[in-house]
Amino acid sequence: MRLYDTATRSLQELPPPPGPVRMYFCGPTVYQRIHVGNARPFVVSMWLKRWLERSGYDVNLVENITDINDKIYAAAPGNSGELAADASRWYIEDTEKLGLGRPDHEPKATETIPQIVALIEELVEGGHAYPAGGDVYFRVPSFADYGRLSGRHGDDDAMRNPSEEEERSELKEDPRDFALWKAHKEGEDTWWDCPWGRGRPGWHIECSAMAEAFLGPAFEIHGGGIDLVFPHHENEIAQSRSAGREFARIWMHNGMLRLAGEKMSKSLGNIVSLREALDRWGRETLLVYFLGGHWRKPIDYSDEVLEQAAAQAESFRNVFRSGSEPVGEWEPFAAALEDDFNTAEALAVMHGWRDHDLLRRGLEVFGLETLAEAEAAPVELEGLARRRADARERKDFAEGDRLRDEIEAAGWEVRDVDAEPGFQLVPKAPTWRRRP
RNA sequence: GGCGCCGUGGCCGAGAGGUUAGGCAGGGGCCUGCAAAGCCCCGUACAGCGGUUCGAAUCCGCUCGGCGCCUCCA
């Protein structure tokens, strides 16, 4: 199994099964419902976990929830705690509907405060961090490899970590230094007391602490959106490595989702929530949509593309509606996934399969085995279809066609087949197919 | 400006020095009372300009265009 690693910009081989494969993926910051773009790392990591497990690996996947930060304070002045708790539930609820199972651990930053504080203390003792004005900052010059992951070297300007508030930047020894702990400010309703006074953790330190808490000092894969490379992941590396932890070996960064050519993001406001997308297209279409593009590449979110994904999902359903034929091989499918988890190619391979068992096994990797399930038509439609079959028997095609129209009006489609009882009722394919 | 990624047939999208990607849409055919589904056939694509090579969509250079990060962000 090979995966592309951002740090070395090359494919890296995973140890052979059973591994272990310990993975940490950066989850969302919760203060509203997550959008479709936020779902990508969740989907990719769950698919990867499922695939590795069925390949005999011992997988431990951690996906955190960031439930404390400035955005959350700002979104719910005075009761940010409740908002974070609600939004965490929404996140679980929405991703649950994808039907891919859950990561092994989904820790929240607010539940990891003791470990965070301990790690900061260790960094201070080691000379890699210093308290200043109630804050604690990481001393970037103390970590020689700073900038390596993101390819920023020797250019201090590009590596600055601006403080959110200008006035606090003078507390820093170096403009590249970043906050590990932030002093409590007026109006912030969630805080903890710690050796440096009342406050709350900075954004990056939580991931260093949570990864270690659940995976130990060294682990195989760290993932997240490519927009996290700098400064988030760069800073995580600085913290953990300075504290003597080996930290992540392979860095997986997924490409962004684009809406009308622009990155879908909360700050730009060009968002489609995962919930809306799920309501409109259904989980199967959404999953096929994600399957169609390599995880590292950006993908566009548009009606046209989703319609195409829906049509593909339908074509898989049709395979199960006709007889199974021994057509297809597992090998090329597995090879595609083992080569940098190329789901687009794996999808192409599955399109050639006519063997029900094989196809179901393939779809199962991606949580799409539901495409194999036949939907039972209402009994009254069953009756109409039977009458239509009789009419056709009598060569009363006018009556037959009338009954067919009636069935179609109810949203179902009759297909004549050889097998008993001579017809098949399937839900009418989505009608947003376009004409030229 | 710095650091990266990318430009593939109507649309989506893999691949990567020489061999059919695949899907969606479209055209033709088989099947069907007519359909639907399925099956068969069809478009001969890789931004542009140079270079390397026996051979490049795949390597190198330049140009044009798009995107991401350098501020919170999956």
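Everything numeric in this text was worked out from a predicted model, so none of it was measured. Naming convention: chains lettered A, B, ... in sequence-line order (proteins, then strands); numbering from 1 in each chain.
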S.K.: Run the side-chain contact (heavy atoms from CB on, under 4.5 Å) test against E406(A) and tell me which residues pass, sequence neighbours left out.
M.R.: L384(A), R402(A), L403(A)
S.K.: Go along nucleotides 8-20 of chain B 5' to 3' and tag each nucleotide: B for a protein heavy atom under 4.0 Å from its base, S when only backbone or sugar atoms are that close, - otherwise.
M.R.: ---BSSSS-----
S.K.: Run the numbers on E206(A) and N64(A) for side chain to side chain donor-acceptor pair (under 3.5 Å), then give the verdict.
M.R.: CA-CA 9 Å; E206(A) 62 177 75; N64(A) 75 292; 3.3 Å; yes
S.K.: Write down the protein N/O and nucleotide N/O pairs, taken from nucleotides 57-59 of chain B, whose separation is under 3.5 Å; answer none if there are no such pairs.
M.R.:
none

S.K.: Reckon V349(A) touches a base, only the sugar-phosphate, or nothing at all at heavy-atom distances under 4.0 Å?
M.R.: nothing
S.K.: Please, what dot-bracket string fits RNA chain B when only Watson-Crick and G-U pairs with both distances under 3.5 Å count, crossing ones use [ ] and pairs to another strand use |?
M.R.: (((((((..(((.....[...))).(((((.......)))))....(((((..]....))))))))))))....
S.K.: Taking atom C1' in both G10(B) and G27(B), compute the distance separating them and give it to the nearest angstrom.
M.R.: 13 Å
S.K.: By side chain to side chain donor-acceptor pair (under 3.5 Å), which residues pair with R321(A), not counting sequence neighbours?
M.R.: E314(A), N318(A)
S.K.: Taking only heavy atoms on the protein side, list every residue of residues 388-400 of chain A lying under 4.0 Å from any atom of RNA chain B, sorted numerically.
M.R.: R388(A), R392(A), F397(A)
S.K.: Can you list the residues that meet the side-chain contact (heavy atoms from CB on, under 4.5 Å) rule with D227(A), with sequence neighbours excluded?
M.R.: M256(A), K263(A)
S.K.: In residues 76-110 of chain A, what residues come within less than 4.0 Å of RNA chain B, judged by heavy atoms?
M.R.: none
S.K.: Side-chain donor-acceptor pairs under 3.5 Å in residues 325-339 of chain A, sequence neighbours left out?
M.R.:
from    : atom 1 : to    : atom 2 : distance (Å)
D339(A) : OD1    : R2(A) : NH2    : 2.9

S.K.: At a cut-off of 3.5 Å, list every protein nitrogen or oxygen paired with a nitrogen or oxygen from nucleotides 39-48 of chain B, distance to 0.1 Å.
M.R.:
from   : atom 1 : to      : atom 2 : distance (Å)
C39(B) : OP1    : R354(A) : NH1    : 2.2

S.K.: Can you list everything that forms a side-chain contact (heavy atoms from CB on, under 4.5 Å) with R9(A)? Sequence neighbours excluded, please.
M.R.: Y4(A)
S.K.: Could you work out, with side-chain contact (heavy atoms from CB on, under 4.5 Å) as the rule, every residue matching H356(A), not counting sequence neighbours?
M.R.: V319(A), F320(A), S324(A)
S.K.: At less than 3.5 Å, do the side-chain atoms of D416(A) and the base atoms of C34(B) form a donor-acceptor pair?
M.R.: yes
